[in-house]
2 protein chains.
Amino acid sequence: MDSEADANKAGLSKQTLIVETAFRLFKQNGFYATGVDMIMQEAGISKRTLYKYFRTKGELIVAVLAYYRASYQSHMATVIDPNNRPARDNLLAIFDDAKTWFGDAQFHGCLAVNAMGEFSGKDHAIEDACTDFKRWEIEVLQGLTQQINPNKADELAYKLFVLLEGMSAIALVTKGDYPVDMTAMAAELIDRYC
Amino acid sequence: MDSEADANKAGLSKQTLIVETAFRLFKQNGFYATGVDMIMQEAGISKRTLYKYFRTKGELIVAVLAYYRASYQSHMATVIDPNNRPARDNLLAIFDDAKTWFGDAQFHGCLAVNAMGEFSGKDHAIEDACTDFKRWEIEVLQGLTQQINPNKADELAYKLFVLLEGMSAIALVTKGDYPVDMTAMAAELIDRYC
DNA sequence: GACAAAGTAAACAGATCGGTTTACATTTTT
DNA sequence: AAAAATGTAAACCGATCTGTTTACTTTGTC
């Protein structure tokens with residue numbers, strides 16, 4: 001039909017190619033340390049094309065954070081089985097998944113947290129993308145804790161969120177080697193709300 | 001006696017002036033975003049002096065992280081009363097302190113965590129400074145949990161550490177407004193180890 | 001085959017990066 | 001007073017930064 005359809009037929013539109021390449025590089029090297037030249041060379045596209053789809057590097061970063069959220073969302077869909085499994089098991093599955101997720105030697109921290117570290121107080125659109133991401137993370141937990149204890153769903157969700165964020169931050173330092181079983185810790189917490 | 005003594009008499013040696021200025025700017029703007037020109041202008045010193053005390057920007061960053069640790073250490077000394085207070089109270093005091101600490105509108109996350117986000121896999125000396133800082137944080141907790149439950153001191157310390165790191169990471173997003181009482185959550189955790 | 005869209009490659013812009021060097025002023029020690 | 005150390009101010013270096021522009025090539029559509 002049109003050229004975009006052909007590009008999709010080849011697997012990727014230019015725009016998603018740019019976003020996915022930038023996503024990988026931002027994870028590896030951070031945001032400031034990753035120049036647009038590096039992104040453009042790694043994606044095999046010209047600088048003009050990059051600036052056609054994204055007017056500034058900041059816009060690209062926001063798009064990458066949205067992509068990060070979307071890809072994490074679809075990953076979550078494979079971790080959570082909403083119908084045929086108790087909410088407790090789904091929550092613990094999240095923690096088990098996080099353990100392998102954070103334990104990857106290539107893991108350099110949550111991209112949204114890192115973006116906050118680099119742009120907090122400097123770029124409002126990026127800040128918003130990060131808070132949106134974290135808000136969604138909490139909502140996923142709330143959807144599950146709602147099935148466990150409707151009266152204290154938010155409270156439990158938030159406590160579990162603290163655990164997950166703590167795991168993520170510590171993984172950077174301990175190289176994903178947790179001296180305590182975090183899934184068990186989450187289970188203990190959940191069971192006090194049943 | 002010598003010039004350093006005079007400088008100390010005036011309050012600051014050049015070296016500490018540089019480190020403290022860089023410390024403030026790194027907290028505000030991040031590491032990559034803070035150029036040496038900005039540090040040197042803000043400190044009111046020449047670039048040559050800066051490069052006399054620190055051969056590279058990376059060396060300065062390592063020094064700043066060491067300063068961060070030292071200043072946090074002396075702050076901890078004011079929070080913890082090791083002799084005349086039960087370890088449980090000291091631990092809870094740490095959580096209360098962290099709440100106000102992280103709730104500051106100027107708080108941009110733990111400097112060591114942010115440094116990891118920017119330099120993980122890129123600068124070995126900086127990585128080491130960050131892990132040293134976190135290791136010390138855990139040791140402080142271990143010293144207190146030891147008094148509560150010697151058999152499971154490390155386990156409890158690590159769990160409390162997860163809570164603290166989680167609080168810190170979330171503070172960036174929620175602006176330090178915790179929907180649950182984290183000190184109470186820590187207390188519940190501790191009391192299961194008494 | 002003409003035409004428009006979308007692409008590449010590369011020069012260019014001005015600013016800033018980390019870092020060096022030169023020239024000069026101010027101290028401090030002898 | 002002479003000498004040495006320590007500092008500032010600023011030019012300078014090559015590289016890199018985000019972003020623009022020019023010229024040319026490919027591609028798909030009518």
Side-chain angles (χ1 to χ4, degrees), chain A residues 1-22 25-26 28-64 115 118-119 122-126, chain B residues 1-23 25-26 28-65 115 118-119 122-126:
Chain A
M1 197 176 191
D2 55 11
S3 61
E4 191 183 334
D6 286 355
N8 287 338
K9 202 166 42 178
L12 290 173
S13 75
K14 294 279 176 189
Q15 189 161 5
T16 24
L17 172 64
I18 295 168
V19 168
E20 287 184 354
T21 307
L25 294 174
F26 286 152
Q28 265 177 16
N29 311 317
F31 293 94
Y32 273 100
T34 304
V36 290
D37 287 343
M38 188 191 287
I39 297 168
M40 139 207 158
Q41 281 165 20
E42 201 79 8
I45 55 140
S46 67
K47 194 180 279 193
R48 180 172 189 164
T49 304
L50 194 155
Y51 276 98
K52 180 176 189 171
Y53 290 110
F54 307 98
R55 290 187 318 191
T56 65
K57 187 186 178 184
E59 259 189 26
L60 173 58
I61 292 174
V62 170
V64 165
E118 295 202 49
F119 299 105
K122 302 179 74 178
D123 189 309
H124 199 273
I126 295 178
Chain B
M1 194 170 184
D2 55 11
S3 60
E4 192 183 334
D6 286 354
N8 287 337
K9 202 165 43 178
L12 289 173
S13 76
K14 294 278 175 189
Q15 188 161 4
T16 30
L17 172 64
I18 295 168
V19 169
E20 287 184 354
T21 306
F23 178 45
L25 294 173
F26 286 151
Q28 263 177 18
N29 311 317
F31 294 93
Y32 273 98
T34 304
V36 290
D37 287 343
M38 188 192 287
I39 297 168
M40 141 208 156
Q41 282 165 20
E42 201 79 8
I45 55 142
S46 69
K47 196 181 275 194
R48 180 170 190 167
T49 303
L50 194 155
Y51 276 97
K52 180 177 189 171
Y53 290 109
F54 306 98
R55 290 187 319 193
T56 64
K57 187 186 178 184
E59 259 188 26
L60 174 57
I61 292 175
V62 170
V64 166
L65 289 168
E118 295 201 49
F119 298 105
K122 302 178 76 179
D123 189 310
H124 199 272
I126 295 178

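Sequence lines set the chain letters: A, B, ... in the order given, protein chains first and strands last, and positions in each chain run from 1.
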So which of residues 52-61 of chain A are in contact with DNA chain C, with a heavy-atom cut-off of under 4.0 Å?
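Here the set is Lys52(A), Tyr53(A).
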
Using the ring-ring contact (aromatic ring centres under 6.0 Å, His included) criterion, which residues pair with Phe31(A)? Sequence neighbours excluded.
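Expected list: Phe26(A), Phe119(A).
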
Set of residues satisfying ring-ring contact (aromatic ring centres under 6.0 Å, His included) with respect to Phe23(B), sequence neighbours excluded:
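So Phe23(B) forms a ring-ring contact (aromatic ring centres under 6.0 Å, His included) with Tyr67(B), Tyr68(B).
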
Using atom [atom1] of [X] as one end and atom [atom2] of [N] as the other, report the distance to the nearest whole Å.
X        : N       : atom1 : atom2 : value
Leu50(B) : dA10(D) : CG    : P     : 17 Å
Tyr51(A) : dC12(C) : OH    : C1'   : 14 Å
Gln15(A) : dG7(C)  : CD    : P     : 10 Å
Lys14(B) : dT26(C) : NZ    : P     : 14 Å

Excluding sequence neighbours, so at least two apart, what forms salt bridge (charged side-chain N to carboxylate O under 4.0 Å, His left out) with Lys57(A)?
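Result, salt bridge (charged side-chain N to carboxylate O under 4.0 Å, His left out) vs Lys57(A): none returned.
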
All salt bridge (charged side-chain N to carboxylate O under 4.0 Å, His left out) counterparts of Glu20(A), not counting sequence neighbours:
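Listed in chain order: nothing, the list is empty.
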
For a quick test of reading the model, state the closest non-hydrogen atom pair linking Leu17(B) to Ala43(B) and the distance between them.
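Reported closest heavy-atom pair: CD2-O, 3.6 Å.
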
Nearest atoms (heavy-atom pairs only) where Asp123(A) meets Ala125(A)
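Reported closest heavy-atom pair: OD1-N, 3.1 Å.
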
Partner residues of [X] under the side chain to side chain donor-acceptor pair (under 3.5 Å) criterion, sequence neighbours left out:
X        : result
Thr56(A) : none
Glu59(B) : Arg55(B)
Gln41(B) : none

Contacts under 3.5 angstrom, residues 32-39 of chain A side chains, donor-acceptor by atom type, not counting sequence neighbours:
| from | atom 1 | to | atom 2 | distance (Å) |
| --- | --- | --- | --- | --- |
| Tyr32(A) | OH | Lys122(A) | NZ | 3.0 |
| Thr34(A) | OG1 | Leu25(A) | O | 3.3 |
| Thr34(A) | OG1 | Gly30(A) | O | 2.6 |
| Asp37(A) | OD1 | Lys47(A) | NZ | 2.9 |

Pairwise N/O distances under 3.5 Å, protein to nucleotides 21-23 of chain C:
| from | atom 1 | to | atom 2 | distance (Å) |
| --- | --- | --- | --- | --- |
| dT22(C) | O4 | Arg48(B) | NH1 | 2.9 |
| dA23(C) | N6 | Arg48(B) | NH1 | 3.1 |

Return no unless some side-chain N or O of Thr49(A) is found under 4.0 Å from OP1 or OP2 of dA6(C).
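Checking Thr49(A) against dA6(C): no side-chain N or O falls below 4.0 Å of OP1 or OP2.
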
Is there a side-chain contact between Val62(A) and Phe54(A) in this structure, where contact means two heavy atoms from C-beta onward sitting under 4.5 Å apart?
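Not in contact.
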
Listed in order of residue number, which residues of residues 28-40 of chain B have a non-hydrogen atom at under 4.0 Å from DNA chain D?
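Under 4.0 Å from DNA chain D: no residue of residues 28-40 of chain B.
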
